[in-house]
Each structure stands twice: as structure tokens, then as C-alpha cells.
Number of protein chains: 2
Amino acid sequence: MKSNNKEAQYDISCYRTPDGYTSDIAVFTITSEQIKAYAPPKMVLKLMLIQRAEQDTEGNPNIEAGKWALPGGFVTPEETACTAASRELEEEAGITGIHLKQFGVYDQPGRDPRGWIISNAHYAIVPEYRLSERKASDDAADVELFPVAELNEQALAFDHKNIIQDAITHITRDLLQTTVAKQFLPETFTYSELQAVLLTVTDDKAIQNDQAFARKIKSLPFIEAVKGQKTQRTSKLPTQLYRFIDAQVKQSIYTARH
Amino acid sequence: MKSNNKEAQYDISCYRTPDGYTSDIAVFTITSEQIKAYAPPKMVLKLMLIQRAEQDTEGNPNIEAGKWALPGGFVTPEETACTAASRELEEEAGITGIHLKQFGVYDQPGRDPRGWIISNAHYAIVPEYRLSERKASDDAADVELFPVAELNEQALAFDHKNIIQDAITHITRDLLQTTVAKQFLPETFTYSELQAVLLTVTDDKAIQNDQAFARKIKSLPFIEAVKGQKTQRTSKLPTQLYRFIDAQVKQSIYTARH
DNA sequence: CCTTTTAATTAACAATATGTTAAATGTTAA
DNA sequence: TTAACATTTAACATATTGTTAATTAAAAGG
């Protein structure tokens, strides 16, 4: 490095600037199917995609028409990509106040045929009932939820296949290594409901095992039993409710069991 | 969401575009001090910063002059921010082939007085001996290594204080939850060397405990003992060497011990 | 040559956690 | 009344961890 610090030499006017800065959002939800009364639900992790129109507003053939894509849009200079993502979700789907997390930037040259466009990607977690509200109030012919296991079969716009793959990797890791599972659950939940959420992204034997998991949940430092509160959502036998408490989790692979 | 897909309506020419896209790099190294012969080293995690020049190349007062900053520079349309980071490291420090990881985007309006500039931030891990090479071959008056514990005392340019804080958070988590510690170590290493690396970012009692850690390393699925290979780097008693093996680690906080 | 020093290694044991199997509990529904 | 069933509790063998102590191998100094 020269002692004449390189950055000092930059004159921003000499550099080419990007043609656009966009914010894309992978909206995840978990749909839970009540197989029968008084039993734990079967949960499936799904991703919301929109289908690109055949024509743009001027009637010209649209780019990447007909393909499925992540919702998103351009970021303005007055906002961050995260704010933009939040705004788009509200404008397009009326969804507010949900969990959003930035997970990657996509800037591969040529990724967007319209020019040098940088995409800042986020994932969002929307509880199922928030999506139902939206669907009821809106014509949603071009919006669909895809189980994450079936995403490989879809034709996806731009480099969204990559982005989605990364989104799934990130939400999977975050569900298992942080307490975001909270975002998919009601304020208080049973052990089997939490278990069902985790099983949407893992086949870990220790999580599949009912007895072991029900015993383990009682000793987790970031979850507490809600004293005296029970529910019959998942069983005829009134079942203990739990809630997440604020406690930072820092687990090391060097001390964990394997 | 309207059935007339919103994204289709975008005409990129109507939108304001960013004034620049930069790549910043938090270069971490661990310096190891040999307290005495035949003993484990004392390791400290340090961050490389550059001091911004007082004047630019035209002799005008430089923006954020004298403050310490992360190395970085503008990204061109022909490269990704990660490629740019790699290029800058090579151009400025002659360092090639090192571990680089993207960890955040900084796009808060007003973060850079020069305009709407989006920074894509990465961290890099450089083994100590690579930095010594650089220092020897270069005038490095404006480059310094700061122990991460002492970074709060420095005046930092732009929003680099935030970026650095996030970089430390990320490298800490990655050191404990992935096998990147490998990047700080030689191909084969003793249990106490790995332990010293981890102790630069954690005070976990289970990692501090010598006997427990030496016993534990033998059962980790992503580390193997190198049969018949020993060293006297850290002890008079010839000590077993280990190496990382490729094995994906997916640890869950719901099954780990706490 | 003997002694001291020291990191690494091994041993041993109590305490804790897990995997597994089995039984008990409440409640619903037939 | 009985069958069904998710949950809860119990029990026990097995595995892991925390802790303390002893052993090992080589270096260094007399």
C-alpha cells in the first residue's frame, strides 16, 4: 500500500456508477395443516413468489415474462434497502411490522440484462394468518406460495434461483441457530408446535424425538414455561405453553455435541 | 399486490441511480506472541486499518483526513464487490488467495458526504506471516494493526465504526460456529493453538479448560488427528497435531448443551 | 548425571445429559 | 364405559462433561 492513501485519490466523478439498486425479498411463511382435531399440526415452509406479467404497462413484451420472481423494487436515495423492502411489502401486500433480514448482495456482471443493477436481498418471515388477510383482500392471480422442496421445478427470473437457494440456506441456519423460529409462532406455543417449525428445515433425530424434545425444551435458557397456562390446540390433554425470552445465544461447535 | 405486476412497470431510466458502489474490507489477523520457548502462544485478534491522508493528490484537504478507515475502493461494472475486494487487497497489500467473506451492506442515507454511495463490506482473514511480508516490502506509515479490544478509542472515518463493530460480531460468530478458524492456523496444529485462536473471541469456560478441550478435540467430526505427526512448538513433550477435514457442521441451539 | 520444570496426556470419578422404552394422565368421542 | 392419543413422567443404560490428580517426555540448569 502506498503511503499516499489510495482512497484519498478517488474522485467519484471518474467512476462509472451503477444503473440501479434494488431490494428483493424472499417472503417465507409456514402453512400448518391441522391433520385432525387435538393433534399437532403438520407444517410446511413455503416461499411467496410473483409471476412476471407478459407485457409491461405500455403493452410491450415484458422482460423475463411469465417467470416466477421474488418481489422487490428499486431503492431510493432517501431510504435503505431494508426500509425499501419494508415499504414494498406494505405497498404490495399490506404487510407491516414483520421480521426482515438482509442476507446477501447480488452484483454479478450481466445478472440483469437491463444494466448494472445491484440487488440487496432480504428474507421476511410472515405468519400464515397475515398472508390470508392479504389474499382475501386482493386479486392474487400472480402470487403463489411454493413449498421450498418444490422450488427447483420452477422457471425463475434473472438470478433468482441463486438468491432463493441462498435465502433457504440462511433461514434454515437461522431457524436452528437463532431464535427466529419465534417469528413463525404465536406468543405462546407448545413443544410440538416449536418442534413442527424446526422440522420444516431439519431432519435432526434429536428434534424428531418427541420425548427428548419435550424434555429438552424445559432446560433451554432462551425459553420459559408460562406458569399455569395450558392449551388443547395440540392434544386432548391440556398441554404446557412456552414462550421465548430475551437471552443471547452463543453456541460453539467446539463445545457442542455432535 | 396488483395483478399488473409492479416490477414490470419499472423503467430503470426514471429512477435515480447511486453515485457509487464501494467494497470495504475488514482485514483481520491474529498475532501470536511466543511468551517463552516450548509453550503455547498468546494470541490477539487484530484489525488492519489505514490512516486517511491529510491532502488528496491535488493538494486539497482530504475528506475525513487523519482518521482511520477500512481499506476499500470503488467497484467497477465488470466485477463483483468480492472480486473488487480481492483486487484491492492484492493491489494495495500484495496479498492474494485469502479467505474473504461478505457480511453486510451499508446504505444509510447520508453515510458518505460525497453522495449516495453504497458500501458492500467483507472481512478477510490473513495469517500473520502474510502481513509481515507486506510490511517488509512497503512503506507502511499509514497502516496499523489494532487489537479489536482497543478499537473504540480510535477516530474512524464515515460509518466505519458501525461496519467494524459488525465485522467483529460476524468473525466472532463464524470462528465459533464454522470452521474458519482454519484460516488463522497452519495446515496442522495442536489443540492449544486452536484453543488460543478461539480464546481471542470468547471466554467460554469449556474452551478455556485445557483438559476438557484436549479431550474434546479428539471427538469433533470436522477435525482429525494426523497419525504419527507431532510437534514441539508448544511443549517439550511432543504434541499431537490435528487438521480440519471437510465436513459440514450444522449445529442446532435446540439440541446443544447450554 | 541428576533435578527441576512444564505442556501434554492419561486416569478416575462424580455429576449431568441423552436415547430409549414403558407407563400414567386427561380428555374426547364413539 | 371404553378406545384413542398427545402429553407427561418415570426409569435405566449409556455417553459426555467438570474436576482433580497422576504420569510422561523432553529441556535446562546445576
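Sequence lines set the chain letters: A, B, ... in the order given, protein chains first and strands last, and positions in each chain run from 1. No hydrogens, no waters, no symmetry mates; every other heavy atom, side chains included, goes into these values.
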Among Asn162(A), Asp159(A), Asp166(A), Asn120(A), find the one that has a side-chain hydrogen bond (donor to acceptor under 3.5 Å, both in side chains) with Tyr106(A).
Asp166(A)
is_close_aromatic(Tyr254(A), Phe222(B)), centroid dist under 6.0 Å
yes
For dA8(C) and Ser192(B) - does any side-chain N or O of the residue sit under 4.0 Å from the phosphate oxygens OP1/OP2?
yes
Under 4.0 Å from OP1 or OP2 of dT9(D): is there any side-chain N or O of Lys218(A) that close?
yes
Do nucleotides 22-30 of chain C as a string where each nucleotide becomes B, S or -: B if the base has a protein heavy atom under 4.0 Å, S if just the sugar-phosphate does, - if no protein is that close.
B--BSBBS-
With sugar-phosphate meaning primed atoms plus P, OP1 and OP2, does [X] contact a base, only sugar-phosphate, or nothing at under 4.0 Å between heavy atoms?
X         : value
Ser219(B) : nothing
Thr231(B) : nothing
Lys205(B) : nothing
Lys230(B) : nothing
Asn209(B) : base

Donor-acceptor pair, distance only, cut-off 3.5 Å: does the side chain of Thr178(B) make one with the backbone of Asp174(B)?
yes
Between Lys216(A) and Thr234(B), who's closer to the 5' end of DNA chain C by nearest nucleotide?
Thr234(B)
Counting only Watson-Crick or G-U wobble pairs whose two distances fall under 3.5 Å, which nucleotide matches dA21(D)?
dT10(C)
